[in-house]
Amino acid sequence: MNFGLSDEQELLRAEVRKFLGDRCPIDTVRLLAETEHAHSPELWKQLAELGWLGMIVPEQYGGSDLGWVELAVLLIETGRSLLPAPLVASTLVVATLVDAASDEERERWLPGLVDGSTIGSVAILEESESWTPTAIGLRGEPDRDGFVLTGCKRFVSDPMTADLFLVPFRTGDGEREITVAVVESESDGLSRKSFPSMDRTRRMGDVLFEGVRVPASQVLGPVGEGWPVVARLIDRGAVATAAEICGAAEALHRLSLEYAMDRKQFGRPIGAFQGIKHPLAEMYLEVESSKSLLYYAAWVLTHRPDEVPRAASCAKAYASEKFVRIGVDAIQIHGAVGYTDDCPVHLYFKRAKWARPSYGDSNYHFDRIVGLRGL
Amino acid sequence: MDFDLTKEEEAFRDDLRGFLDEHLPPPEERAPDFLPKWWKAVREKRLIGFAWPKQVTGGGGSLMEQFILKEELLARKAPMLGRDVTGLSWVGPALIQFGTDEQKQKYIPEILDGKTMWCTGYSEPDVGSDLASLQCRAERDGDEYVVNGSKIWISLAHFATGIYNLVRTDPNPPTKYDGISCLLIPMDTPGIEVVPIKNMSMTGMAEIFNQVFFKDVRVPVERRLGDEGEGWAIICSALQNERSSITEVMRHSQRLESLYELARHSRVNGRPALEDAGVRRKLASIETQIEALRLGGMRALSRQLRGLDHQSQASLGKLHNCNLLVECADFALELEGSANQYMAGSEAAVDDGRWQVDGLAWPVTVVGGGTPNIQKNIIAERILGLPKD
């Protein structure tokens, strides 16, 4: 048994951390956050050149053919630096294409997604904001060899930068009669809208389908049997988001710890007082526990598929709940400084609010953990 | 990263399973004379003191084998391996590391054979979390020490055959950590008086801990463990026991199954509690925390296996375990509603009053061996590097 990272994985971590420290320090994050799409095409291109957009893609499509542990290492670091980029969503599209698409479909989209010329996003949620098959109401009416889609997807991350969307839609009245297709953002009848968000490093909005034609060649897998693909995507999304949370929560803990060492009151660093020490110890327990759950979930994604639903739910439920709590403690440890725009703590605090509902909040995952017992 | 067992580890586990199939029936099938037979079988198999060296008739087991052994035993709800809890947990390991050959020969087989019952003399009436300020005095008089003072919160002292006692042999040491020694004192030595202290648990365990008074208690020098003044180092060390928290994890897992059972026959607002969203989420939250404790423990074990520092993960595990114990104990009583007042022995008690036992017994673990606040100080100062208070 070994819970540690291999030398290669440690090297990857160091490489990612160094790159982001150089190219995406917190001042750059702030600048990017105020651009129209909170996205830097140059940075995206560099991520592609480093091989980080195709980490879990087979080599034949230009990827590095690594596993989810490596991907988790990458996402912990992008979370730590609050990298504003559509990385999680695009990676989920990539992962779904790898195991649910036909050879032709993979050939068509994977190379572009891996070399950064194409950006993917995921459009699952609708008005009810529920991660269940019954919540999918977007209709796909049969049309020649494909479907015509009518309806609206909501809470889609980075809708304006995406070149294609992974879209589950309803092709029958049975609860799970769901079909998944790749829909290109330039398709006729598709419109999208981004709304200003609290976490400025992320963009989110609606994708409207008004008679969008999707040919059969863009459908992933058999018609009406797409729900398992979506369910797997949601689990992976939960793990990927939990990875970004782990890095961000660790950064927040680190900021608070450094402040507690520097800031002096009553003639001593405030970190000498138990009122500050104890929350820092609790935060540390929560950060380390989040990481334990995350690494295991990432490992089972590659090695024990049967354990994925429970491991993913445990990782995401715990991480999103604790990240929000850690954010509150971090602001309090910083005092009034923590309320200022200059202090980076609020950037993480807002990320926690963004990350909580993403791919299921704690309540969703708690309900699921009980549900997995057949109760 | 790899969570699979190796072939050798699987072989060890399979052999163990064969042994347990033969000697460990399920709890409901265990006869009244089961326990002595069990202890005899596990002693012969060298499972008692499994991690101890073979030279002292221990099992010589590796860290990973200890982990597998515990997991298998707990999964089958096995009783304790041996009866001398303190001897097996603290005294034996300290003897292996610091004892003379004579001391090892004399004390260790007794512990493994279950002939002894040790207790631990650490705290004193004015000395708790600041343990190094202990005052219980041992003055050298020829080949003997003369011990005067008192120790408090001593679990099992009223049954014990011996006390593993920390004393001050130098009253004016350079620092408070110096001048402390460790004596192994038979409880029947003249001058020892044991006074039980009633605790809040209201069960058969209500008088489990005691104050022990020492008045001119004469202890031969050969009963000193380690060098004079080495006592602090002795209690700070522990034999290479695996630190996976697997025991706590398995107990919490079994408790969680019982909590589900309780939720099945409890009611919230007139409906089955298990249909209540709040109850379900609380159960899942507990399950998630147990999983975090399990994986955190495996991280500690993994570091230990690779010879890296694992103390930090261990103190995190202790804090985590305490949080869970308090939460589970309280949640069960909340589920019972007003019936939470009915104790064991009352015909109105739910589940024969087992949750009342949990609900009133958690301080033994949570306060014993360092309160959560002390654990947080340790984490903050030793791991995070914050200045001392």
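In what follows, chains carry the letters A, B, and so on, assigned in the order in which the sequence lines appear, proteins first and then strands, with residues in each chain numbered from 1. Given the structure is predicted, the values throughout are model-derived calculations rather than measurements.
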Do side-chain atoms of S302(B) reach the backbone of N2(A) as a donor and acceptor pair under 3.5 angstrom?
no
Heavy-atom pairs under 4.5 Å with chain A: which of I383(B), L293(B), D4(B) has the most?
D4(B)
Begin with the C-alpha distance, continue with both residues' side-chain angles, and end with the deciding distance and a verdict on side-chain contact (heavy atoms from CB on, under 4.5 Å) for L295(B) and Y295(A).
CA-CA 9 Å; L295(B) 295 168; Y295(A) 276 123; over 6 Å; no
Counting heavy-atom pairs under 4.5 Å with chain A, which one of R281(B), K282(B), K376(B) comes out on top?
R281(B)
I'd like to know whether CZ of R251(B) has more than 12 heavy-atom contacts from other residues, nucleotides or ligands below 6.0 angstrom.
no
If one checks every heavy atom of V370(A) against chain B at 4.5 Å, the contacting part turns out to be both
If we ignore hydrogens and angles and just use 3.5 Å, is the side chain of K277(A) paired with the main-chain N or O of I378(B) as donor and acceptor?
no
Below 4.5 Å, heavy-atom pairs only: which of G317(B), A284(B), G296(B) has the largest tally toward chain A?
A284(B)
With a distance cut-off below 6.0 Å to the six-membered ring centre and an angular limit of 45° from the axis, does R299(B) pair with Y296(A) as a cation-pi contact?
no
For the NZ atom of K322(A) and the CD atom of Q289(B), what is their distance to the nearest 0.5 Å?
5.5 Å
Determine, for Y260(B) and R373(A), whether the Lys NZ or Arg CZ falls below 6.0 Å from the six-membered ring centre while staying within 45 degrees of the axis.
yes
Between SG of C314(A) and CZ of R294(B), what distance do you get to the nearest 0.5 Å?
9.0 Å
Step by step, would you call N323(B) with L285(A) a side-chain contact (heavy atoms from CB on, under 4.5 Å)?
CA-CA 11 Å; N323(B) 291 347; L285(A) 171 63; 4.0 Å; yes
Check this for me: W153(B), atom CH2, are more than 12 non-hydrogen atoms of other residues, nucleotides or ligands nearer than 6.0 Å?
no
NZ (K77(B)) with more than 12 external heavy atoms under 6.0 Å:
no
Given L319(B), L316(B), L5(B), the one with more heavy-atom pairs under 4.5 angstrom with chain A than any other is L316(B)
Sort M1(B) into side chain, backbone, both or neither according to what part of it lies under 4.5 angstrom from a heavy atom of chain A.
both
Let's go through H303(A) and D2(B) carefully: what are the C-alpha distance in whole Å and the side-chain angles of both, what is the deciding distance for side-chain hydrogen bond (donor to acceptor under 3.5 Å, both in side chains) to 0.1 Å, and is it a yes or a no?
CA-CA 9 Å; H303(A) 296 95; D2(B) 182 10; over 6 Å; no
Treating R304(A) as the side-chain partner and F3(B) as the backbone partner, does any N or O pair qualify as donor plus acceptor under 3.5 Å?
yes
Has R13(A) got more than 12 heavy atoms of other residues, nucleotides or ligands less than 6.0 Å from its CZ?
yes
Which portion of R306(B) sits near chain A, non-hydrogen atoms under 4.5 angstrom
side chain
Contact class of Q375(B) relative to chain A, heavy atoms under 4.5 angstrom
neither
What verdict does the side-chain contact (heavy atoms from CB on, under 4.5 Å) test give for L293(A) and E291(B), after you've listed the backbone C-alpha separation in whole Å, the side-chain angles of each residue and the deciding distance to 0.1 Å?
CA-CA 7 Å; L293(A) 290 164; E291(B) 183 67 355; 3.5 Å; yes
Backbone of L375(A) reached by a side-chain donor or acceptor of R280(B) within 3.5 Å
yes
Other residues, nucleotides, ligands: >12 heavy atoms within 6.0 Å of R382(B) CZ:
no
Quick check for you: among A281(A), G67(A), A272(A), A317(A), which has the greatest number of heavy-atom pairs under 4.5 Å with chain B?
A272(A)
State, yes or no, whether a side-chain contact exists between E9(B) and M1(A) at a heavy-atom distance under 4.5 Å.
no
Which distance, rounded to the nearest 0.5 Å, do you find between the OG of S244(B) and the CZ of F3(A)?
12.5 Å
Go through T288(B) and E321(A) one step at a time and tell me if the side-chain contact (heavy atoms from CB on, under 4.5 Å) criterion holds.
CA-CA 11 Å; T288(B) 302; E321(A) 187 173 84; over 6 Å; no
Closest non-hydrogen atom pair, L386(B) against A260(A)
CD2-CB, 4.3 Å
